[in-house]
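Report on the structure given below.
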Amino acid sequence: MRNAYKARMAILLVLSAAGGGWAADWPQWRGPRRDGVSAETGLLKEWPKEGPRLRWKIADAGTGYSTPAVAGDRLYLLGSEGVENEFVQARTLQDGKLLWTARLGKVGNPKQQPSFPAARSTPTVDGEVLYALGSDGDLACVELSGGRIRWQKSLRTDFAGKPGAWAYAESPLIDGETLICTPGGAEATVVALNKKTGETLWKCATPEGDEAAYASAIVVETGGVRQYVQLLQKGLAGVEAQTGKLLWRYSKPTSRFNANIPSPLATDGLVYAGSAGTGGGAVRLKARDGGVEAEQVYFEAKLPTAIGGVVKV
């Protein structure tokens, strides 16, 4: 869920760097490190009086809430037309020209209430391919060169997936040779796939059988233990990267609207998470006996729980 209302997507490209050139790649949701922070330098200190110069604009990208991924001289995003056609497409960064479109499937949960059915996820660019998750759970590995789909899975049918009321909104995580995503449900709450083939490496089923929420997973290292941290519908969870073992749970960030949306943020041994209508807080992760424990540091009702998430400043 990237916005609070349904709208036809319009993409505007403006020049905001002091030199007027292209910025570095932004290949996935919340940037290279999934923390919402850009390493760009030479940015303008303030907008020109007349505003930034418009390079181009398009208004035919379909409907949805997807944010673009940018890699090289191309821009990639998801869109949808009606409820029967959800797709990922590539456009030139120079002028917005459409290069190719690949259909993913149908729009998920079209009878959702409140009603915001449309594409939601941001594609993840990795080498010569991208990974896109449609709102109905259609996961695809797509070639950047021409939009050919190398492999495809359905989180609903292949993993008995259970999304929330507003369908799937997660942006796939790539970690080395592994793809991480969140079907939700009692069979495979979180799964790891071989990114080249789509083969299942492991499934993690939480005892609560959480529905998938609307956040995207991140990588966290704690005392030599690599893990994937994800905000599910019933709170925050840490899953061991190598085995898929559930390491810890923290149930405080559970939205009273069933709308756990912001991606978690990790820094200095802490993980922050927010949940709509409930509040936000942080846990400190500690390695112990080959595993990881999560200890609450604080949780307050008035801390940030916004859809777009938080950044460390």
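In what follows, residues are counted from 1 in the order of the sequence shown. On a predicted model such as this, the values are computed, not experimentally measured, just so you know.
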Checking side-chain polar atoms at under 3.5 Å, does [X] have a donor or acceptor matched by the opposite partner on [Y]?
X	Y	result
Ser171	Gln28	no
Ser275	Thr254	no
Thr92	Asp95	yes

Check whether [X] and [Y] end up in the same hydrophobic cluster, where Ile, Leu, Val, Met, Phe, Trp and Tyr are linked by side-chain heavy atoms less than 4.5 Å apart.
X	Y	answer
Leu246	Tyr228	yes
Leu98	Trp56	no
Val129	Leu193	yes
Leu270	Leu285	no
Leu265	Leu236	no

Over all heavy atoms of both residues, which pair between [X] and [Y] is shortest? Give the atoms and the distance, please.
X	Y	value
Ala186	Ala205	O-CB, 3.2 Å
Ala217	Ile180	CB-CG2, 4.4 Å
Ala259	Ser255	N-OG, 3.1 Å
Ala119	Ser80	N-OG, 3.3 Å
Val225	Gly290	CG2-O, 4.2 Å
Pro264	Ala215	CD-CB, 4.4 Å

Starting at [atom1] of [X], measure out to [atom2] of [Y] and round the result to the nearest 0.5 Å.
X	Y	atom1	atom2	result
Phe257	Thr278	CZ	OG1	7.5 Å
Trp29	Ile218	CH2	CD1	13.0 Å
Asn85	Leu104	CG	CG	9.0 Å
Lys153	Leu179	NZ	CG	11.5 Å
Leu75	Ile58	CG	CD1	7.0 Å
Gln227	Glu240	CD	CD	9.0 Å

Tabulate below the donor-acceptor pairs under 3.5 Å that side-chain atoms of residues 298-313 make, not counting sequence neighbours, or state none.
residue	atom	partner	partner atom	Å
Lys312	NZ	Thr267	OG1	3.0
Lys312	NZ	Asp268	OD2	2.9

Quick one: which residue pairs count as a salt bridge (Lys or Arg N to Asp or Glu O under 4.0 Å) with a foot in [range], not counting sequence neighbours?
range	answer
residues 272-289	Lys286-Glu295, Arg288-Glu293
residues 250-262	none
residues 183-194	Glu187-Lys203

Do [X] and [Y] come close enough that some side-chain heavy atom pair is under 4.5 Å?
X	Y	result
Trp248	Val229	yes
Thr200	Phe159	yes
Gln89	Leu77	yes
Leu139	Tyr168	no
Gln112	Val107	no
Trp202	Val190	yes
Ser263	Arg30	yes
Val191	Cys181	yes

Between side-chain atoms of residues 130-137 and protein atoms elsewhere (two or more places apart, or another chain), which donor-acceptor pairs fall under 3.5 Å?
residue	atom	partner	partner atom	Å
Tyr131	OH	Lys195	O	2.9
Ser135	OG	Glu86	OE1	2.6
Ser135	OG	Gly108	N	2.9
Asp136	OD1	Arg156	NE	2.8
Asp136	OD1	Arg156	NH2	3.2

Would you check if the side chain of [X] reaches a backbone N or O of [Y] as a donor-acceptor pair within less than 3.5 Å?
X	Y	result
Arg120	Trp166	yes
Thr122	Pro68	no
Asp25	Gly72	yes
Thr124	Pro172	yes
Asn109	Gly164	yes
Gln94	Asp73	no
Trp100	Val88	no
Arg55	Leu93	no

Asn194 meets the side chain to side chain contact (heavy atoms under 4.5 Å, CB included) criterion, sequence neighbours left out, with Lys196, Thr197, Glu199, Leu201
For the pair Arg226 and Asp175, evaluate side chain to side chain contact (heavy atoms under 4.5 Å, CB included) and give the outcome as yes or no after the intermediate values. CA-CA 11 Å; Arg226 193 171 184 85; Asp175 181 31; 2.7 Å; yes
Walk me through whether Lys234 and Thr189 qualify under side chain to side chain contact (heavy atoms under 4.5 Å, CB included). CA-CA 11 Å; Lys234 296 180 181 179; Thr189 317; over 6 Å; no
side-chain hydrogen bond (donor to acceptor under 3.5 Å, both in side chains) with Thr182: of Glu211, Gln230, Gln233, only one passes, and it is Gln230
Can you establish whether the number of heavy atoms outside Gln296 located under 6.0 Å from its atom CD is more than 12? yes
So for atom CD, which belongs to Glu46, do other residues, nucleotides or ligands contribute more than 12 heavy atoms lying within a distance under 6.0 Å? no
